[in-house]
Undergrad: 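Handing you this structure, nothing more for now.
Each ligand, and each atom within it, is numbered from 1 in the order the structure gives.
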Amino acid sequence: MFYYPHDFKMTRNTLHCERVPIHQIVEEVGTPVYVYSYKTLVDHFRKLKSAFKKIKPLICFSVKSNGNMAILKLLVGEGAGLDIVSGGELYKAVRAGCPGERIVYASVGKTPQEIKEALKAKIFFFNVESAAELDLINSIAVQKKVVVNVALRFNPDVDAKTHKHITTAVKSSKFGIDAKTVHEIFANHASYPGIRFSGIHMHIGSQITQAAPFIEAVRKAGNMIEEGRKLGVAVDHLNLGGGLGIIYQNEEPQSPQGFADAISPLIEKLGVKLILEPGRFIVGNAGALITKVIYVKESHHKRFAVVDAGMNDLLRPALYEAYHEVVPVNHNAKALDDSLNYDVVGPVCESADVFARDRKLGQLESDHLLAIFGAGAYGSVMASNYNGRLRPAEVLVKGNQWEVIRRRESMKDLTRYDVEEVSFLDNGNHRKAKRKTAKKSVKSLH
Ligand code: PLP
């Protein structure tokens, strides 16, 4: 009746991640808590790698999908590269031990400072999103007397048939460069002495369940590459971005092998090296958000399970109308009373703070635990302190072992960066008070 992703399974009527009972983690760490399976993470990376073993692509995990340092380190240890979109993600990538030659950098708004830092880290590719950005990278590279690898992010105008907020390669999208402009840049390549135009980059959207849009995009990129070659530009890399879909409910996404079998021959024919930037495919179903029921609230029209996680912890349902499977952590499938329907809602003061509608979850009571599946990608990374809420803890499970990989925030974290005393609001009184305390402490030193 419920969909259990990969290494989340019911054993003796209680949910386990690998071999660890979820309630055991909750007893020590509390809720809400993100729980990740090491096995799923690694399996998915290896599955993709092995599906493409004939053409050996560089697989760069998309840091934006999950930026936890323990997760980045374990994937880098497996041989993954990293796909980054900011100076902050560059900092994390370097700190996670990712060599520069495995880092690729997209983003429509790279600042001069971010470009300089990426040059210093000797990253593999700048995925360039506009002619203006190209000019800036060129001038910085010339100034630093280096030549950098650029993949123009080509907008192939392909409808990936996914949610409008995660569609990125149609004409009206802010991402990428249209075919005519790419052609003009290629024709003008000699005027960029700081740039080696060695790649075409694309990312056509996310949660794409069929191979057809990817095939169409590769065909269009192939034409672009051939045009480039005719103009004297030796493009030898094609970065296909991320976007592989996963099961949240009852989707039937292409298998990694099916995807590889469809794409590899096209890549071989083009004579380029492939780069992939998967995020969701690797980490999406490796993670669940565990939350506790605070109240069951019944009106004459509806039954709500009010839980202690909110849209600040997992934004996808509110932002994308995304479906997430919700499952009681302790239940007996045979004895489950399926006449009871619930909307699962958070405590945040927003009508959009709803994780699930009309779900059959049996007889719920306060303190019962629920698991929200498919929360590994675009989950914890989007968490915020909205409504004065603390960002949740994160836990990594491997076999029968588990460890906290991000501590739960504390109340102090809520005010850590705020300046509480504003001098022009209290006529400088607090400054006088500050000077007095400073004098006192100097005296006490003598
Ligand atoms: N690459 C780029 C440029 C992206 O914008 C994204 C997601 O937005 C990804 C890769 C990762 O996509 P996914 O998590 O769908 O694999």
Side-chain angles (χ1 to χ4, degrees), residues 40-41 44-45 47-49 51-52 57-68 71-72 75 80-86 89-90 93 102-110 118 123-130 133 150-156 158 160-170 173-177 199-211 213-214 217 221 237-248 251 253-254 256 259 263 274-287 315-316 319-320 322 374-382:
T40 310
L41 279 165
H44 281 178
F45 176 72
K47 256 185 206 155
L48 201 55
K49 193 171 157 184
F52 277 100
L58 173 64
I59 303 176
C60 295
F61 173 66
S62 195
V63 178
K64 71 174 79 62
S65 66
N66 191 312
N68 185 286
I71 289 177
L72 299 185
L75 288 169
L82 295 175
D83 151 46
I84 60 164
V85 289
S86 68
E89 287 191 353
L90 174 65
R102 297 199 327 235
I103 300 176
V104 295
Y105 187 178
S107 157
V108 288
K110 302 176 190 80
I123 65 161
F124 190 30
F125 264 104
F126 284 91
N127 295 332
V128 168
E129 306 245 8
S130 65
E133 182 195 331
V150 156
L152 295 180
R153 178 165 176 176
F154 168 50
N155 180 341
V158 166
K161 303 206 168 13
T162 183
H163 191 277
K164 62 179 184 298
H165 289 169
I166 45 178
T167 291
T168 53
V170 289
S173 161
K174 74 168 179 176
F175 298 104
I177 310 176
I200 286 285
H201 173 242
M202 291 184 292
H203 171 76
I204 59 172
S206 207
Q207 184 54 12
I208 303 166
T209 51
Q210 306 151 22
F214 288 110
H237 284 79
L238 178 59
N239 183 335
L240 197 42
L244 286 175
I246 62 169
I247 303 175
Y248 286 101
E251 300 87 341
Q254 69 231 301
F259 176 61
I263 298 299
L274 180 67
I275 302 175
L276 296 169
E277 300 174 341
R280 187 188 313 271
F281 173 78
I282 289 177
V283 74
N285 271 331
L315 191 57
R316 296 190 71 253
L319 187 61
Y320 307 131
Y378 309 103
S380 58
V381 273
M382 289 194 193

Undergrad: With a cut-off of 4.0 Å, which atoms of ligand 1 are near a heavy atom of Ser206?
TA: 12 (O), 13 (P), 14 (O), 15 (O)

Undergrad: Ligand 1 and Leu244, any nitrogen or oxygen pair closer than 3.5 angstrom?
TA: no

Undergrad: Would you mind listing which atoms of ligand 1 come within a distance below 4.0 Å of any non-hydrogen atom of Pro278?
TA: 16 (O)

Undergrad: Strictly under 4.0 Å, does any heavy atom of Tyr378 approach an atom of ligand 1?
TA: yes

Undergrad: Output all residues satisfying salt bridge (Lys or Arg N to Asp or Glu O under 4.0 Å) with Glu89, sequence neighbours left out; order by chain, then residue number.
TA: none

Undergrad: Distance under 4.0 Å to a non-hydrogen atom of Gly279: what atoms of ligand 1 satisfy this?
TA: 13 (P), 14 (O), 16 (O)

Undergrad: Report yes or no: is the cationic atom of Arg102 (NZ for Lys, CZ for Arg) under 6.0 Å from the centre of the six-membered ring of Phe61, at an angle within 45° of the ring normal?
TA: no

Undergrad: Could you see which bit of Asp83 sits under 4.0 Å from ligand 1, with heavy atoms only: side chain, backbone, both or neither?
TA: side chain

Undergrad: If you measure every N/O of Glu277 against every N/O of ligand 1, is any gap under 3.5 Å?
TA: yes

Undergrad: With heavy atoms only and a cut-off of under 4.0 Å, state how His203 meets ligand 1: side chain, backbone, both or neither.
TA: side chain

Undergrad: Is it possible for you to check whether Lys110 lies under 6.0 Å from the centre of the six-membered ring of Tyr105, through NZ or CZ, and within 45° of that ring's axis?
TA: yes

Undergrad: Who passes salt bridge (Lys or Arg N to Asp or Glu O under 4.0 Å) against Lys49, sequence neighbours left out?
TA: none

Undergrad: For this output row, return yes or no: ring centroids of Phe259 and Phe214 closer than 6.0 angstrom.
TA: yes

Undergrad: Report the C-alpha separation of Phe125 and His237 in whole Å, then their side-chain angles, then the decisive distance to 0.1 Å, and conclude whether the ring pair (Phe, Tyr, Trp, His ring centres under 6.0 Å) test is met.
TA: CA-CA 10 Å; Phe125 264 104; His237 284 79; 5.2 Å; yes

Undergrad: Quick one: which ligand 1 atoms are inside 4.0 Å of a heavy atom on Gly242?
TA: 1 (N), 10 (C), 12 (O), 16 (O)

Undergrad: Of all the heavy atoms in Gly243, does at least one lie under 4.0 Å from an atom in ligand 1?
TA: yes

Undergrad: Which atoms of ligand 1 have any heavy atom of Arg153 under 4.0 Å away?
TA: 3 (C)

Undergrad: Out of the candidates Ile208, Leu276, Leu48, only one should pair with Leu244 under the side-chain contact (heavy atoms from CB on, under 4.5 Å) rule; please name it.
TA: Leu48

Undergrad: Assess the pair His203 and Phe175: is the distance between their ring centroids shorter than 6.0 Å?
TA: no

Undergrad: Return yes or no for this condition: an N or O of Ser62 is under 3.5 Å from an N or O of ligand 1.
TA: no

